[in-house]
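This report refers to the structure that appears directly beneath it.
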Amino acid sequence: MGPINGGPINLAQARLRHASLRFATLSGADLSGADLSDTDLSEARLNGANLAGADLTDALLDQADFAGARLAGANLSGTSLVEVRNITQGQIDEAVGDLLTLLPPHLSRPRSWTGTVSQVVGGPQARVAPEPVEPMRFRSKDPAPPVKGERVSWLVGGPRSEARARDPQGV
């Protein structure tokens, strides 16, 4: 942590995902590149903190103080900034967000915040939507349903008769 007198804390590149930092005093802290996704930073003092490149995806930031905080490249995707204090348009313009990022009424969404999910270049902070899984369907080349006396093994490719089970080559 920082000097005994409460000086700046160095948490650069720290993994603090899902942490509870509610009411934390992080004034002037170095949180650059930190993973703060889904972290509770409600009412935290982040004034003068370096959050450049930090992942704040889905973080809880109600009443957090961002006065003078550096947000260059910080990922704010899915985060509500509606109730944060002392945040400026300049800070928003240098951060990364998406359509799920909620802004206070006095700030406007940067043009770069398009699409539903933001991609952060060069880091684990990028969120990619999962690809839909197509349900399994029987294909025309699949064998006919098993007949009485056949054993079914879907793990190895479908129906097998007892005779084929003993002689896998079918000879």
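This chain uses plain numbering: 1 for the first residue, then up along the sequence.
The shortest heavy-atom contact between A44 and L21 is CB-O, 4.0 Å.
Side-chain N/O atoms of N47 and S27 include a donor and acceptor closer than 3.5 Å.
Here the CG-CZ distance, from D62 to R85, works out to 11.0 Å after rounding to the nearest 0.5 Å. Between the CD atom of Q63 and the CZ atom of R45 there is a distance of 14.0 Å, given to the nearest 0.5 Å. Interatomic distance, CG of L99 versus OG of S77, reported as 9.5 Å (0.5 Å rounding). In this structure, CG in L31 is found 5.5 Å from CG in L26, a value given to the nearest 0.5 Å. Note that the CG atom of D58 and the OG1 atom of T39 stand 10.5 Å from one another [nearest 0.5 Å]. In this structure, the separation between OG on S37 and CG on L56 is 8.5 Å, given to the nearest 0.5 Å.
Residues satisfying the salt bridge (Lys or Arg N to Asp or Glu O under 4.0 Å) criterion with D40, sequence neighbours excluded, are R22.
Side-chain contact between L81 and I92: present, with at least one pair of heavy atoms (C-beta onward) separated by less than 4.5 Å. In this structure, L60 and L41 have side chains that are not in contact, with every pair of non-hydrogen atoms separated by 4.5 Å or more. Counting heavy atoms from C-beta on, the side chains of V84 and D65 never come closer than 4.5 Å.
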Next item on the list: Evaluate the side chain to side chain contact (heavy atoms under 4.5 Å, CB included) criterion for residues D30 and I9: first the C-alpha distance (whole Å), next the side-chain angles of each, then the deciding distance (0.1 Å), finally the verdict.
Entry: CA-CA 6 Å; D30 184 1; I9 296 171; over 6 Å; no
Notebook entry, point to check: Going through the checks in order, is the side chain to side chain contact (heavy atoms under 4.5 Å, CB included) test met by T88 and F66?
Noted result: CA-CA 9 Å; T88 66; F66 280 89; over 6 Å; no
Donor-acceptor contacts, no H, no angles, side chain residues 102-109, under 3.5 Å, sequence neighbours left out:
residue : atom : partner : partner atom : Å
S108    : OG   : Q89     : OE1          : 3.4
R109    : NH1  : D98     : O            : 2.9
R109    : NH1  : T101    : O            : 3.2
R109    : NH2  : T101    : O            : 2.8

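For the side chain to side chain contact (heavy atoms under 4.5 Å, CB included) with L36, the lone residue among D55, L11, L16, N75 that qualifies is L16.
Side-chain atoms of R70 do not come within 3.5 Å of backbone N or O of A52 as any donor-acceptor pair. Here the side chain of E94 pairs no donor or acceptor atom with the backbone of G73 at under 3.5 angstrom. No donor-acceptor distance shorter than 3.5 angstrom exists from the side chain of S112 to the backbone of V96, with no hydrogens or angles considered.
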